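Source: prediction; values computed, not measured. Atom set for the values below is all heavy atoms of this structure, side chains included, hydrogens, waters and symmetry mates excluded. Throughout, a chain's letter reflects where its sequence line sits, starting with A, and its residues are numbered from 1.
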Amino acid sequence: MKGVPVRIESYRRGPALRVILDGVELLGFEGEYLSTVLMANGKMAWRRSLIRGERRGLFCGIGICFECLVQVEGRGIVRACQVRAFDGMRVRTDV
Amino acid sequence: MSGTQVVVVGGGPAGLGAALEAARAGLEVTLIDERPSLGGQYYKQIPPGWSSTRSGWLDRQYAEGNKLIAEVLRSGVKILTDTLVWNIEDHNLAVTDESTVWQIRFDKLILATGAWELPVALPGWTLPGVMTGGAAQALVVGQGLLPGRRILLAGNGPFQLRVAAQLVEAGAKVIAILDAGDLITTIRAALRMVPQGGLIWEALRYLRTIWKAGVRIYRMHLPIRILGDGHVEGVVASRVDSQWRPVPGREISFDVDTVCLTYGFVPSVELARLAGCRMEYRPEAGGWVTWHDADQGTSVPDIFVAGEAGGIEGARVALLEGRLAGLEAARQLGVTNRVEYEERRREIDWALIRARRPLPVLRDLMRLRPGLFELAMEDTLVCRCEDVSWRDIIAAARRWDPGLRGVKLWTRAGMGRCQGRICGYLIPRLISCALGVPVETISLDTPRPPVKPLPLLAMASPKDTELSSIWAWHERRPGRREGQ
């Protein structure tokens, strides 16, 4: 698919894990930020903007812009680019 | 309530340098960083337990950071990662780990909060697939993820060459690089850099990687429109003149799915402003920066600043400024031996002179021209959080007040979750270009805690039973404490 980010093969990652995004299971690896898991699974946007309802995705990647917000069960609303994924992480989009 | 002699905020080059130097002098030091691991943006590290079989682009910078972090870990510095400092009140910091809040008392505070990449408002810049060059770099180097299949880089100066080289070496398909600067300025800068070695060879190495991959660099070009429906599908670029204004009839289209913008950096001064530190406007150092003296002291006693938050000067200077701040904190606390101090101080001062030598050339290369702030169309969003357009912001500036505060009250720009970190840089520059007033005369908004959003649940579950003045900030109009 056009635009889908690719995991670089020469990296040795942590153990595999599952993230449940709006009920759908996604493959991730220990050490990956939640945004990395989402993007590597073809999710480029996971939020709608406040007024215009535009699709938004990762922009600054360093926790400044708050565009990548998601809701994580047990953690509340977090920046996907700042939170490491963990096995069984339940995530809701459209916050 | 816990306390410590020195608190350093920020785990990048400046913060690591400060923590090391203060610990070396025998002080009790706490180093706080919001992210899960130390290193900041410059010494980007891969996650614990990861490795890369191709080490070419996990390069010197990574290795240097790795070594520095290891040194800090060995030095007895208390490290609080995943911890956000959200307020400063007198000699107390309010911090959170998102589940609780508590306060830390300090004798000396060193702010090493760094910088972020400056945003550019142009049509389509809010589309998914548009990110800062730093975001792309964080994904590639720190996470082993290529951000897209067909990538366009747009920026100015040497930093984006580095991003481009790293992307190419990681196997990304970079379609083109747009550089707003002209070739003559670049060559002249390169020649001026030759006697200083180092940096120029690094730049040439990046260029060689880029050339070998067959990526074309379009000099004097800016992206003027990013196209797409729900995601980036293409970019229209234009040749620009020396003021970066589009030359009519010189447009080129690119078929890409990812755009990385790399035009410079904005100092992170939120905490310094909250503490009441004096700011000064230095356009060559990123705009509003934290004023400091030759000892890295700010205008507020016992608060130091080190690195980019006191002006964009690069990581080498940041590390040394950190060391200087750590050393001066130790001297003020009376734990240094005079002879030893003077020797150390001389050493750092000399190193700083050497590290600052390339700055005039780099600043020439990275100077922004007004055309960059004229790319927004009427309905282009400027405040991404609250969806406020260029038209609404300029209208508010004309009718109400050409300052951030007035624009904020009128339009809600800057009231969203990023708290103006993105649009707060853009708005004064867009108003300046549209109304012809100097940027430095445009008033800033009032700094308010918490500097970043924090969960109400955390606020409601304080770790301290003793509730001191720090919780009463909302009753006292913070930021206006000194009788303003």
Is a side-chain donor or acceptor of B:Gln143 paired with a backbone partner of A:Gly31 at a separation under 3.5 angstrom? yes
A:Ile64 vs B:Lys452, test: side chain to side chain contact (heavy atoms under 4.5 Å, CB included). Steps then yes/no. CA-CA 9 Å; A:Ile64 299 299; B:Lys452 280 184 185 163; 4.1 Å; yes
Between SG of A:Cys81 and CE of B:Met131, what distance do you get to the nearest 0.5 Å? 11.0 Å
Working to the nearest 0.5 angstrom, can you tell me the gap between B:Ser52 OG and A:Arg13 CZ? 9.0 Å
Whatever's closer than 4.5 Å to a heavy atom in chain B on A:Val83 counts as neither
Quick one: which of B:Glu34, B:Arg35, B:Glu117 gives a side chain to side chain contact (heavy atoms under 4.5 Å, CB included) with A:Ile62? B:Arg35
Interface residue of largest heavy-atom contact number with chain B, from A:Val6, A:Val78, A:Leu58, under 4.5 Å: A:Val6
Flag side-chain contact, heavy atom, 4.5 Å: A:Cys65 against B:Trp116: no
Under-4.0 Å salt bridge between B:Asp387 and A:Arg56: yes
Heavy-atom check, side chain of A:Arg52 versus side chain of B:Thr126, under 4.5 Å: no
Gap between atom OG1 of A:Thr36 and atom CG of B:Leu139 - 0.5 Å precision: 5.5 Å
Checking A:Arg79 against chain B: side chain, backbone, both or neither under 4.5 Å from a heavy atom? side chain
Rounded to the nearest 0.5 Å, what's the gap from CD1 on B:Ile422 to CD on A:Glu67? Could you check? 8.0 Å
Check each atom of B:Glu386 against the heavy atoms of chain A and say whether the ones under 4.5 Å are side chain, backbone, both or neither. both
Turns out that what part of B:Pro455 lies under 4.5 Å from chain A's heavy atoms comes down to neither
So which heavy atom on A:Met44 is nearest to which on B:Pro128, and how close? O-CB, 3.6 Å
Give the C-alpha distance, both sets of side-chain angles, the deciding distance and a yes or no for side chain to side chain contact (heavy atoms under 4.5 Å, CB included) between B:Gln419 and A:Phe66. CA-CA 9 Å; B:Gln419 295 174 264; A:Phe66 289 77; 5.6 Å; no
Can you tell me if B:Glu98 uses its side chain to pair, donor with acceptor, with the backbone of A:Arg75 under 3.5 Å? no
Mark yes or no for whether B:Arg149, through its side chain, and A:Val4, through its backbone, hold a donor-acceptor pair below 3.5 Å. yes
So which part of A:Gln82 gets closer than 4.5 Å to some heavy atom of chain B, the side chain, the backbone, both or neither? both
Contact check, side chains of B:Leu145 and A:Glu32, non-hydrogen atoms, under 4.5 Å: no
Which bit of B:Cys385 comes within less than 4.5 Å of chain A, counting heavy atoms only: side chain, backbone, both or neither? both
Heavy-atom closest pair (B:Val140 atom, A:Tyr11 atom, distance to 0.1 Å) is O-OH, 3.3 Å
Any donor-acceptor pair under 3.5 Å from B:Arg417 side chain to A:Leu69 backbone: no
So, the part of B:Asp229 with a heavy atom under 4.5 Å from chain A: the answer is neither
